[in-house]
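To find a chain, count down the sequence lines: A is the first, B the second, and so on, and within it residues start at 1.
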Amino acid sequence: MVDKAETLDRGELARIRADFPLLARPTPGGQDLVYLDSAATSQKPDPVLDAEQDFYIMRNAAVHRGAHSLSNEATMAFESARGQVASFVGVEADELVWTSGATAAINLVAYGFANATAGIGPSAAQRFALQPGDEIVVSEAEHHANLIPWQQLAARTGAVLRWFGVDEQGRVRVDESATVITDRTRIVAITHVSNVTGAITDLAPVVARAHEVGAYVVLDACQSVPHLPVNFRDLDVDFAAFSAHKMFGPTGIGALYGKRDLLADLPPVTTGGSMVEVVTMTEATFAPPPGRFEAGTQPVAQAIAFGVAAQYLSELGMAKVAAHEAELAAALLSAVAIEGVRVIGPTDPQDRIAVVSFVVDGVHAHDVGQVLDDAGVAVRVGHHCAQPLHRRFGVAATARVSASLYTNEHDVECFATALSTVRDFFKVGEAYG
Amino acid sequence: MTSSKWVKHMADLQDLYRQIILDHARNPQGRGLIGSLQDGGVAQSHQVNPTCGDEITLRAHVMRDRSGDVRILDVSWEGQGCSISQASSSVMTELVIGQTLTQVEDLAAAFRSLMDTRGGTVDPQVEEQLGDAAAFAGVSKFPARVKCALLAWIALRDALLKATPVEGERHG
């Protein structure tokens, strides 16, 4: 649920759009760009672009090594960014691990469990060891990134994969928590917001039931953190993954949150330089978190820019961002409420964010996307890395429009106009011959 | 935007979706699998386009005629996909039935070269050889769509590699 809050006025929105230089470029066809693919990746504002470049121009040095002042400066900026991103999601800096993205973050947890099961790590790591027949619970709405790592973990450990279904509007059936999550459940890996349906998962019953049986909750927060006020501490999830590039930050960096006591016991997955304490020719001891999970040279400029992206959103206030995007969700739903178009996802804007996937009767999603692109409207087409969810709704592919902070009414109007031409272009409904 | 750019852009879309492609997409030839995999000389291939989840199951029936040439007696297919992939399957079906394997290899090579033109000039010889399939030239300007047009051709090549031709009378 999105709280009613002050939304953006036109002047504010115009100023925000001016921060995103790419929005001003024309399409190859010469039209104004209507970018409605922010769920795939967001555009970047000047402060983020500047931060990344400034680091290379003025402060580039190895972090956590070297005694020189440049290295100190880089280290301080790197760690201060960790604090900015952590505080943006309501947690402490030492509970936030840099990863190459959300996919890597989820794999880090899954393979941490696998290592614990293989007996790697201190005795405390045994809390993560799985037995054959233990259960891992996911949902039918998962992005492949929060499904396949768990399939792999099940294959390695003999654990059994179970899942929540979704209802007709794509909402995860959290009302079935008591039966889907059992005494054998050890992990519940679930999406906060679906990247296909835009549905917001009501996490409270899932987390309560998971903790009742002693299972860990791993949250895929990729689509929630950029669009809603999110506080992992309040949600009481055990691990959470999100990426920078969907929230105005650079590609190549994401973050894993883990409760302090859990990260302390989790064995590392990627090993090598800088994540160690003492190394001999036969063994090594590992640094405390978060450094333990950050082997090798880190994407320092990207981390600093990620911090600036979190700051950019903080300064606006996520309640305001969410209120603006709730209006866009309603507008996008109106735009697709035309004959021959079916929405895959919640019809109530309260249950969702401004990500709307749809099917045009008689026209394949690729063809829909092509005609929209011809009008300068950039949308995603395909299965959006969620094949099981598409199979659930009996479709191979959908077209998806997704808004962000910088999306305005004009964008939605251009999309609506272009969408209204699609069925005519392919002569749907006309007799052949 | 300048009007000349607009005209060029619209032309790209019209060029991608030429009338012949739209016609084949709406009335595809060869759609609906025929025969059985148990029949001699029949082989099948299932191909997917992982970026969009599109798929095709294609069945080919081949026979070695008296002159020793292996010839395609029939092609049928089932699948779901965009208008480009459906039309390409349809046009290919019409093009290859009755042809020898060598001729089909030449056609497939010609079609691939058409897909590689990136919107540039098409070799007139290729155009003539491909007939209706030359209408897919516009697809080469859209790299994301090339796989759509190639899916049926990939399935055909795979099915032909698997097929053991039945010995038969000279075809046609």
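- Residue-environment remark: CD (E409(A)) stays at or below the threshold of 12 foreign heavy atoms within 6.0 Å.
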Full working for side chain to side chain contact (heavy atoms under 4.5 Å, CB included) between D367(A) and R145(B): CA-CA 10 Å; D367(A) 296 323; R145(B) 306 303 297 275; 2.9 Å; yes
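- Residue W153(B) qualifies as enclosed at atom CH2: its count of foreign heavy atoms under 6.0 Å is above 12.
- Most heavy-atom pairs under 4.5 Å with chain B: of the set Q387(A), Q370(A), R391(A), this distinction falls to Q370(A).
- Distance alone, capped at 3.5 Å, is enough to place a donor-acceptor pair between the R26(B) side chain and the K427(A) backbone.
- The environment of CD in E128(B) is sparse: at most 12 heavy-atom neighbours from other residues, nucleotides or ligands sit within 6.0 Å.
- Nearest heavy-atom pair, H364(A) versus G81(B), reported as atom, atom and distance to 0.1 Å: CD2-C, 3.1 Å.
- Within the 3.5 Å criterion, the main-chain N or O of P50(B) finds a donor-acceptor partner in the side chain of H383(A).
- A 4.5 Å side-chain heavy-atom check between I84(B) and H366(A) finds every atom pair outside the cut-off.
- Heavy-atom contacts from other residues, nucleotides or ligands closer than 6.0 Å to CZ of R392(A) number more than 12.
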